[in-house]
Amino acid sequence: SVTVPATIKYNNKKYKVTSIKEKAFKGRTKLKNIELNGSNIRSVGDDAFKGIKKNAQITIIAKNKKQYNKVVKLIKESETGKVKYAYKKK
């Protein structure tokens, strides 16, 4: 399992997580659960989730369905493969 938070802290400074880098999780064949806080996500790089476990679940935490759908679209455009999506209200 992997959790991608809305923000991270580095050197006592808080940064928004706004993108998932290309090939970030590519080839992680045992990865079957990803929880992604979609609050600040603006882009998902090519093949970011390609090759993760077939039928893995990506749970997107979002304030509403519109935000959730936007993040799902970004992930699908990155050529993810066959995964399940779930909505979790923030």
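Atom set for the values below is all heavy atoms of this structure, side chains included, hydrogens, waters and symmetry mates excluded.
Atom NZ of Lys70 is separated from atom CD1 of Ile60 by 12.0 Å, given to the nearest 0.5 angstrom.
Residue Leu36 is tested with Ile61, Val2, Val71 for a side chain to side chain contact (heavy atoms under 4.5 Å, CB included); the sole match is Val71.
Among residues at least two apart or in separate chains, there is no side chain to side chain donor-acceptor pair (under 3.5 Å) pair with a member in residues 40-55. The ring pair (Phe, Tyr, Trp, His ring centres under 6.0 Å) analysis of residues 16-49, with sequence neighbours excluded, yields the pairs Phe25-Phe49. Listed by first and then second residue, the salt bridge (Lys or Arg N to Asp or Glu O under 4.0 Å) pairs that reach into residues 57-69 come to none, sequence neighbours excluded. For the side chain to side chain donor-acceptor pair (under 3.5 Å) condition, the pairs that include at least one residue of residues 81-90, sequence neighbours left out, are Glu35-Lys88, Ser39-Lys90.
When every heavy atom of Ala62 is checked against every heavy atom of Tyr68, the shortest pair comes out as CB-N, 3.7 Å. Taking each heavy atom of Ile34 and Leu31 in turn, the nearest pair found is CD1-CD2, 3.7 Å.
With sequence neighbours excluded, the residues satisfying side-chain hydrogen bond (donor to acceptor under 3.5 Å, both in side chains) with Gln57 are Thr59.
Transitive grouping of hydrophobic side chains (ILVMFWY, heavy atoms separated by less than 4.5 Å) brings Ile75 and Ile52 into a common cluster.
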For this session: May I have the step-by-step check of side-chain contact (heavy atoms from CB on, under 4.5 Å) for Ile20 and Leu74, ending in yes or no?
Result: CA-CA 10 Å; Ile20 307 295; Leu74 289 171; over 6 Å; no
Which pairs of donor and acceptor atoms, one on a side chain in residues 3-19, lie under 3.5 Å apart (sequence neighbours left out)?
none

